[in-house]
There are 2 protein chains.
Amino acid sequence: MSLREKKKIETKNKIFEVSGRLFKEKGFENTTVDEITKEAGIAKGTFFNYFSTKEALLLYFGEKKEELVYDLIENETMKNIPTKEKIKNILICLADSCEKDKELTKLLILEHTKCMQHSCLGPDECKNSLYRLNKLVCASLKEGVGNKDVKSSIDVKMVADIITGIHLYSLIVWLKSDGEISFSNSISEKIDMLFEGIGN
Amino acid sequence: MSLREKKKIETKNKIFEVSGRLFKEKGFENTTVDEITKEAGIAKGTFFNYFSTKEALLLYFGEKKEELVYDLIENETMKNIPTKEKIKNILICLADSCEKDKELTKLLILEHTKCMQHSCLGPDECKNSLYRLNKLVCASLKEGVGNKDVKSSIDVKMVADIITGIHLYSLIVWLKSDGEISFSNSISEKIDMLFEGIGN
DNA sequence: GGTCAAATATGACTAGAGTCATAGTTTGGC
DNA sequence: GCCAAACTATGACTCTAGTCATATTTGACC
């Protein structure tokens, strides 16, 4: 690895490390790019060579966090268990990860919503958590149709959208709550309802 | 009405009218508060006497728009029709309204998401569209349980959250699309699925 | 180890949201 | 009509994200 590459990685990590500390100390909004760069010992302009906006740094935090979760989830989808359980497990993994850092989750959900709207990236390289979840659920459902776990009459994509929506809104409700409700529990029950149906 | 009150209303309307025009012409982001105040013939500081932030003005646009929709929806909930149809109609009303001004909807959904998280207002006076939808659906479901349209075993609040989530995510997907899909159609089918259940 | 092009760093600068001390207006009581 | 208090308008000012022309560093080649 060239000196140049090494320095680049070093600087990016420095920004990441410093900003992580500052965000924890005083929150994202109350931390200025100036502070980050001063603490990191770089010029302000340099920051924007690494992250196009302050929000891009936030998304980077999200990516780092989600790398781990999606590894776990990927494993989950390998298991040979009933489709309903599989989907529940996926959602619970994600919920657990959200529960680990409520503040970050709060900030990221806004960025993800913004990003989804602007179709920030093409369908494939998009790291957006909602998008990834949707694709995974879609795949599990397809498998479920094959297994006869799931009605063959359903439109798989549509159901994946329903489930993603359940995740998203439950997340919002949970974020608003003062920690008295468990995100992962509430979502699990909702999936049961969807599988059983609510009509008489 | 006192002179003072009259002037206040006049100024607020002037801001509303001018900014509405400018937003349509050049978009929300590309319109500055300076421009709005210049066109409205007021000082910059005055703007912030009426709207605490530029985003608050956006929410005001939302309120004005939603006043109309929720009147329609309120009528819908009066009708004596099967619960499933009633909920579909509510969602379709809302979807139609969103379809009328995609740009505004795009901007509002972010504000609403932000607002929900910060529990901007107490549950009752909160004008947030998601919140209002949730309450209306909840009421319809309760009625549905009474009518035996809906299984009595369900947790009404939870199902209302599912439906709100379906609305929210469908909205996001529709906003991202280039107008080839109909928001109201897609949502209608999803409600059918929820009522029937997807499991075998 | 000198030279040049490409990559990277720099910080003064711009732009726009939001603040606040001050100035001006309206009102109700006398 | 006059006055004080309450309310409202004003615009110079602050604060911060993001830009960009310029300076510095690196790597490849001779």
Side-chain angles (χ1 to χ4, degrees), chain A residues 1-62 107-108 110-111 114-115 118 120, chain B residues 1-62 107-108 110-111 114-115 118 120:
Chain A
M1 186 187 293
S2 71
L3 173 57
R4 200 169 258 172
E5 281 176 275
K6 253 187 267 178
K7 277 196 174 177
K8 252 181 104 168
I9 291 173
E10 218 172 87
T11 305
K12 189 160 190 176
N13 285 342
K14 186 81 188 170
I15 294 173
F16 186 61
E17 173 210 312
V18 166
S19 59
R21 184 159 43 75
L22 291 175
F23 290 166
K24 280 226 174 77
E25 268 171 41
K26 30 196 304 193
F28 177 73
E29 300 291 346
N30 299 320
T31 305
T32 67
V33 174
D34 260 305
E35 282 177 293
I36 296 171
T37 54
K38 282 219 177 80
E39 289 243 351
I42 57 171
K44 192 172 183 185
T46 305
F47 177 93
F48 293 98
N49 289 338
Y50 288 88
F51 300 98
S52 61
T53 63
K54 198 182 161 194
E55 274 69 35
L57 173 56
L58 204 54
L59 286 173
Y60 185 68
F61 272 89
L107 294 164
L108 282 173
L110 278 176
E111 292 309 312
K114 212 180 284 176
C115 164
H118 294 51
C120 52
Chain B
M1 186 189 291
S2 72
L3 174 58
R4 202 168 255 171
E5 282 177 273
K6 252 186 269 177
K7 277 194 174 178
K8 254 181 103 169
I9 291 172
E10 218 171 89
T11 304
K12 189 162 190 176
N13 284 342
K14 186 79 189 173
I15 294 173
F16 185 62
E17 173 210 313
V18 166
S19 58
R21 184 160 43 75
L22 290 175
F23 291 165
K24 280 226 175 77
E25 268 170 41
K26 32 196 304 192
F28 178 72
E29 301 291 347
N30 299 319
T31 305
T32 67
V33 174
D34 261 305
E35 283 177 292
I36 295 171
T37 54
K38 281 217 178 83
E39 289 243 352
I42 57 172
K44 192 173 183 185
T46 305
F47 177 93
F48 294 98
N49 290 338
Y50 289 88
F51 300 97
S52 60
T53 64
K54 198 183 161 192
E55 274 70 34
L57 172 56
L58 204 54
L59 286 172
Y60 185 68
F61 271 88
L107 294 164
L108 282 173
L110 277 177
E111 292 310 311
K114 211 180 286 176
C115 164
H118 296 52
C120 53

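So you know, we letter chains A, B, ... as the sequences are listed, proteins then strands, and number each from 1. Computed from a predicted model, the values in this text were never measured in an experiment.
- Going from atom NZ of K12(B) over to atom P of dA9(D) covers 12 Å, rounded to whole Å.
- Among pairs with a residue in residues 42-60 of chain B, those fulfilling salt bridge (charged side-chain N to carboxylate O under 4.0 Å, His left out) read D34(B)-K44(B), at least two apart in sequence or across chains.
- With dA17(D), dT10(D), dG16(C) as the choices, the nucleotide that has an atom nearest any side-chain atom of A43(B) turns out to be dT10(D).
- Listed candidates were dT10(D), dT25(C), dA17(D). Nearest to the side chain of R4(B) is dT25(C).
- In this structure, D34(A) places its CG atom 13 Å from C1' of dT10(C), rounding to the nearest Å.
- Between atom CG of residue L57(A) and atom OH of residue Y50(A) there is a gap of 13.5 Å, rounded to the nearest 0.5 Å.
- When rounded to the nearest whole Å, the span between CD1 of I36(B) and P of dA9(D) equals 16 Å.
- Within 4.0 Å of K44(B), counting heavy atoms only, lies at least one base atom of the nucleic acid.
- OP1 or OP2 of dG27(D) has at least one side-chain nitrogen or oxygen of S2(A) nearer than 4.0 Å.
- The distance from atom NZ of K26(A) to atom P of dC15(D) is 13 Å, rounded to the nearest whole Å.
- Set against dT10(C), dT16(D), dT26(D), the side chain of I42(A) has dT10(C) as its closest nucleotide.
- A salt bridge is absent between K7(A) and E10(A): the closest approach of a Lys/Arg side-chain nitrogen to an acidic carboxylate oxygen does not fall below 4.0 angstrom.
- When heavy atoms are screened at a 4.0 angstrom cut-off, Y50(B) is found touching the sugar-phosphate backbone but no base atom.
- Contact annotation for T46(B): base contact, defined as any heavy-atom pair under 4.0 Å involving a base atom.
- Here the P atom of nucleotide dT25(D) and the NZ atom of K7(A) are 8 Å apart, to the nearest Å.
- At the heavy-atom level, T31(B) lies under 4.0 Å from the strands shown only through sugar-phosphate atoms.
- Atom-to-atom, CE of M1(A) to P of dT26(D) comes out at 16 Å; the value is rounded to the nearest Å.
- Nucleotides of DNA chain D nearest to T11(B) and F48(A) differ in position, and the one nearer the 5' end is that of T11(B).
- At whole-Å resolution of the value, CZ in F47(B) and C1' in dT19(C) are 14 Å apart.
- Going from atom CG of N49(A) over to atom P of dG18(D) covers 14 Å, rounded to whole Å.
- With rounding to the nearest 0.5 Å, the separation of CZ in F16(A) from CD1 in I36(A) is 12.0 Å.
- An OP1 or OP2 oxygen of dT16(D) is reached within less than 4.0 angstrom by no side-chain nitrogen or oxygen of K54(A).
- A search for side chain to side chain contact (heavy atoms under 4.5 Å, CB included) contacts involving E17(B) returns K14(B), not counting sequence neighbours.
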